[in-house]
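Everything numeric in this text was worked out from a predicted model, so none of it was measured.
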Amino acid sequence: MALIKSISGIRGTIGGKPGEGLSPIDVVTFAAAYGTWLRRNNHPSNSIVLGRDARISGEMVSSLVANTLIGLGWNVLDIGLSTTPTVELAVPWTKAAGGIIITASHNPAQWNALKLLNSDGEFISDADGKALLQIAEQQDFQFSEVFQLGKITQDDTFLDQHIQHVLDLPWVDVNAIVSSKFRILVDAVNSTGGIVVPHLLKALGAAHVDVIFGEPTGHFAHNPEPLPENLTDMIAKMKSGNYDLGIVVDPDVDRLCFINEDGTPFGEEYTLVAVADYVLSKQIGNTVSNLSSTRALRDVTESKGGHYFAAAVGEVNVVNQMKAQKAIIGGEGNGGVIFPESHYGRDALVGIGLFLTHLANSGKKISELRASYPAYVISKNKIELSANLNVDLILDSIAKAYQEYKVNTIDGVKIDFPEGWVHLRKSNTEPIIRIYAEASTEEQANTFAQQIMNAIEKIAQS
């Protein structure tokens with residue numbers, strides 16, 4: 001059993017004792033804390049939007065959350081099976097006070113979570129999260145009397161509204177997509193992507209769409225994180241030569257990955273790179289990604305006359321940096337595209353609309369488009385340390401040892417070498433340092449990582 005309470009929400013495995021797994025008591029406690037925190041914000045609306053992915057536990061958790069909120073006097077707009085970005089859009093569209101998405105994103109089926117939004121439909125801030133955690137810890141909430149109870153309203157039209165929103169976005173060109181007659185295979189990993197992605201593709205004018213694992217049962221056919229090692233069925237079908245591209249989303253449809261026409265991965269790091277390339281071709285501007293994302297975004301941005309900025313890892317941090325730098329496109333290297341013209345949240349549906357327009361206008365095969373971008377390889381490693389070691393001191397020592405290079409310490413330590421970079425981040429729960437390295441070859445990336453790991457071991461021994 002596992003239960004993780006953080007400033008961004010509550011996440012855990014279903015079952016177990018309260019406080020050890022995501023039990024109904026934990027769900028009610030955290031939903032009550034959120035409803036209480038939101039009430040103290042004095043928003044004029046008395047409505048909260050609620051949606052969920054197709055997880056097995058989703059209906060149970062959603063019912064607990066909804067009834068807890070009406071017990072606090074809130075009216076709940078339940079949009080049912082949905083996506084994270086759909087709920088994010090629905091909050092400002094309905095002028096609600098906030099929103100909750102019931103999803104554990106790319107985690108396996110036994111997990112679920114409450115993702116918490118403010119009145120802008122964006123993830124709550126660090127300060128707000130800390131205030132909410134304190135309310136939960138102290139159980140500092142008071143429920144409504146019988147005549148002040150809220151009510152639940154159901155509305156399942158928001159996925160269709162989201163599709164229309166994508167069609168209406170600047171630089172999404174349906175005519176170009178129709179002319180390209182794309183044949184597309186979709187892996188929806190048995191969640192809500194199986195409902196919305198095929199409908200979006202047909203609305204965009206794809207000539208033919210096939211779906212694998214499209215039934216939204218919550219019984220995920222494979223590990224739901226959209227990495228190549230989890231997409232063997234998709235890759236095998238793509239090798240048949242019957243499709244122009246493959247599209248993969250995670251259970252809550254905020255991450256987007258592509259498979260080339262020959263079955264090779266486009267690379268989740270390059271989803272944002274390709275979409276940014278297209279957006280920057282329409283308007284020169286700034287871009288943002290997190291420190292662990294590929295350097296290719298910086299290269300593409302600068303080649304188009306824009307400026308690239310890095311943010312600490314985490315969607316909230318990326319969004320804050322995007323606002324500060326007035327970025328026109330940004331996101332994360334996990335296939336997360338954030339397009340401010342739509343909203344400040346990762347959105348696979350928006351990413352699909354922009355990417356297909358870009359691919360159509362390029363006149364290239366998807367593998368040829370991928371080959372047009374700078375080639376980088378990321379190596380992901382970790383080093384385990386003794387529990388008594390001061391991890392922060394080790395990171396400080398590494399930063400000082402490499403101060404002749406460009407060093408960024410806003411989130412761990414990132415060292416930029418001329419030929420690549422290394423990013424070190426400590427775990428918040430165990431004595432581990434995660435080490436990501438990127439270079440133009442796997443060998444060079446591994447060399448960078450090993451160099452840093454050797455330095456860490458030497459510091460630890462001293």
(request) Verify salt bridge (Lys or Arg N to Asp or Glu O under 4.0 Å) between Arg346 and Asp252, making sure each step is shown before the conclusion. (result) CA-CA 10 Å; Arg346 296 181 305 181; Asp252 67 325; 5.7 Å; no
(message) I'd like to know whether Thr157 forms a side chain to side chain donor-acceptor pair (under 3.5 Å) with Asp155, so could you lay out the CA-CA distance, the side-chain angles of the two residues, the decisive distance to 0.1 Å, and finally the verdict.
(response) CA-CA 6 Å; Thr157 66; Asp155 187 340; 2.7 Å; yes
(message) For His307, is there any backbone N or O sitting under 3.5 Å from a side-chain donor or acceptor partner on Asn286?
(response) yes
(request) Please report the closest heavy-atom contact between Ser105 and Asp250, naming both atoms and the distance. (result) OG-OD2, 3.3 Å
(request) Can you establish whether the number of heavy atoms outside His199 located under 6.0 Å from its atom NE2 is more than 12? (result) no
(request) Would you verify whether the NZ or CZ of Arg39 falls within 45 degrees of the ring axis of Trp74 while also being under 6.0 Å from that six-membered ring's centre? (result) yes
(request) Inspect the surroundings of CD in Glu59 and state if more than 12 heavy atoms from other residues, nucleotides or ligands are less than 6.0 Å away. (result) no
(request) Would you name the heavy atoms of Phe220 and Val189 that are closest together and state the gap between them? (result) CD2-O, 3.0 Å
(message) When you measure from the side chain of Asp128 to the backbone of Ile124, do you find a donor-acceptor pair of N or O atoms at a distance under 3.5 Å?
(response) no
(request) State whether the side chain of Tyr34 and the backbone N or O of Gly99 hold a donor-acceptor pair below 3.5 Å, judged by distance alone. (result) yes
(request) Examine distances only and state if a side-chain atom of Ser342 and a backbone atom of Ile338 form a donor-acceptor pair shorter than 3.5 Å. (result) no
(request) With Arg425 as the cation and Tyr436 as the aromatic partner, state whether NZ or CZ is under 6.0 Å from the six-membered ring centre and within 45° of the axis. (result) no
(request) Count the heavy atoms belonging to other residues, nucleotides or ligands that lie under 6.0 Å from CD of Glu215, then report whether that count exceeds 12. (result) no
(message) So does Gly263 get a backbone contact from the side chain of Asn260, meaning a donor-acceptor N/O pair under 3.5 Å?
(response) no
(message) Quick one: does any side-chain atom of Asp78 pair with a main-chain N or O of Thr153 as donor and acceptor, under 3.5 Å?
(response) no
(request) Check Gly345 against Glu315 and note the closest heavy-atom contact, atom names and distance. (result) CA-OE2, 3.3 Å
(request) Please lay out, stage by stage, how Val197 and Ile352 fare under the test side chain to side chain contact (heavy atoms under 4.5 Å, CB included). (result) CA-CA 9 Å; Val197 173; Ile352 288 169; 4.1 Å; yes
(request) Ignoring hydrogens and angles, tell me if any N or O in the side chain of Ser23 forms a donor-acceptor pair with the backbone of Asp26 under 3.5 Å. (result) yes
(request) Mind listing the closest non-hydrogen atom pair of Val318 and Glu332 along with its distance? (result) CG2-CG, 4.0 Å
(message) Quick check for you: to the nearest 0.5 Å, what is the distance between Tyr373 atom OH and Asp277 atom CG?
(response) 3.5 Å
(message) Arg11: which residues meet the salt bridge (charged side-chain N to carboxylate O under 4.0 Å, His left out) condition with it, sequence neighbours left out?
(response) none
(message) Go through it in stages, so that I can follow the logic: the residues are Asp411 and His423, the test is side chain to side chain contact (heavy atoms under 4.5 Å, CB included), and I'd like the CA-CA distance, side-chain angles, deciding distance and then a yes or no.
(response) CA-CA 9 Å; Asp411 183 12; His423 185 204; 4.3 Å; yes
(message) Just by distance, no angles: are the side chains of Thr192 and Asp53 close enough, under 3.5 Å, to form a donor-acceptor pair?
(response) no
(request) Over all heavy atoms of both residues, which pair between Gly353 and Ile177 is shortest? Give the atoms and the distance, please. (result) O-CD1, 4.2 Å
(request) Give a yes or no on whether the backbone of Gly333 and the side-chain of Ser293 come within a donor-acceptor separation of less than 3.5 Å. (result) yes
(request) Please round to the nearest 0.5 Å and tell me the distance separating atom CZ of Phe258 and atom CZ of Arg370. (result) 13.0 Å
(request) Keeping the roles fixed (side chain from Asn190, backbone from Thr217), state whether a donor-acceptor pair exists under 3.5 Å. (result) no
(request) Say whether, by atom type as modelled, one donor and one acceptor occur between the side chain of Asp233 and the main chain of Lys237 under 3.5 angstrom. (result) no
(request) Starting at CG of Leu133, measure out to CD1 of Ile10 and round the result to the nearest 0.5 Å. (result) 9.0 Å
(message) Given Thr301, which partner from the list Thr287, Ile284, Val288 fulfils the side-chain contact (heavy atoms from CB on, under 4.5 Å) test?
(response) Thr287
(request) Apply the test side chain to side chain contact (heavy atoms under 4.5 Å, CB included) to residues Val248 and Leu256: give CA-CA distance (whole Å), side-chain angles for both, the deciding distance (0.1 Å), then the verdict. (result) CA-CA 6 Å; Val248 185; Leu256 171 65; over 6 Å; no
(request) Locate the shortest heavy-atom distance separating Val87 from Ile79; write the atom from each residue and the value. (result) CG2-CD1, 3.7 Å
(message) For the NZ atom on Lys414, are there more than 12 heavy atoms of other groups (residues, nucleotides or ligands in this structure) within a distance under 6.0 Å?
(response) yes
(request) Kindly indicate, with the supporting measurements, whether the criterion side chain to side chain donor-acceptor pair (under 3.5 Å) is fulfilled by Ser379 and Asn381. (result) CA-CA 7 Å; Ser379 172; Asn381 309 269; 2.9 Å; yes
Return a table of donor-acceptor pairs under 3.5 angstrom between the side chains of residues 135-152 and protein atoms on other chains or two or more places apart.
from   : atom 1 : to    : atom 2 : distance (Å)
Asp140 : OD2    : Arg40 : NH2    : 3.0
Ser144 : OG     : Leu72 : O      : 3.1
Ser144 : OG     : Gly73 : N      : 3.3

(request) Starting from the C-alpha separation in whole Å, work towards a yes-or-no answer on salt bridge (Lys or Arg N to Asp or Glu O under 4.0 Å) for Glu438 and Arg295. (result) CA-CA 8 Å; Glu438 183 180 65; Arg295 182 181 279 187; 5.3 Å; no
(message) I need the single residue from Asp160, Val166, Leu356 that forms a side-chain contact (heavy atoms from CB on, under 4.5 Å) with Leu200. Which is it?
(response) Val166
(message) Under the criterion side chain to side chain contact (heavy atoms under 4.5 Å, CB included), I'd like the reasoning laid out for Glu268 against Leu227: C-alpha separation, chi angles, the key distance, then a yes or no.
(response) CA-CA 8 Å; Glu268 64 172 357; Leu227 301 175; 3.3 Å; yes
(message) Please confirm whether the ring centroid of Tyr278 lies under 6.0 Å from the ring centroid of Phe355.
(response) no
(request) To the nearest 0.5 Å, tell me how far Ile259 CD1 sits from Leu245 CG. (result) 9.5 Å
(message) Please tell me whether His358 and Trp171 form a close aromatic pair, meaning their ring centres lie under 6.0 Å apart.
(response) no
Sequence neighbours excluded and cut-off under 3.5 Å, please list the side-chain donor-acceptor pairs for residues 203-212, or say none.
from   : atom 1 : to     : atom 2 : distance (Å)
His208 : NE2    : Asp210 : OD1    : 3.0
His208 : NE2    : Asp210 : OD2    : 3.1
Asp210 : OD2    : Tyr243 : OH     : 2.6

(message) The test is salt bridge (Lys or Arg N to Asp or Glu O under 4.0 Å); show your working for Glu122 and Lys323 and say whether it passes.
(response) CA-CA 12 Å; Glu122 299 168 15; Lys323 291 178 179 179; 2.6 Å; yes
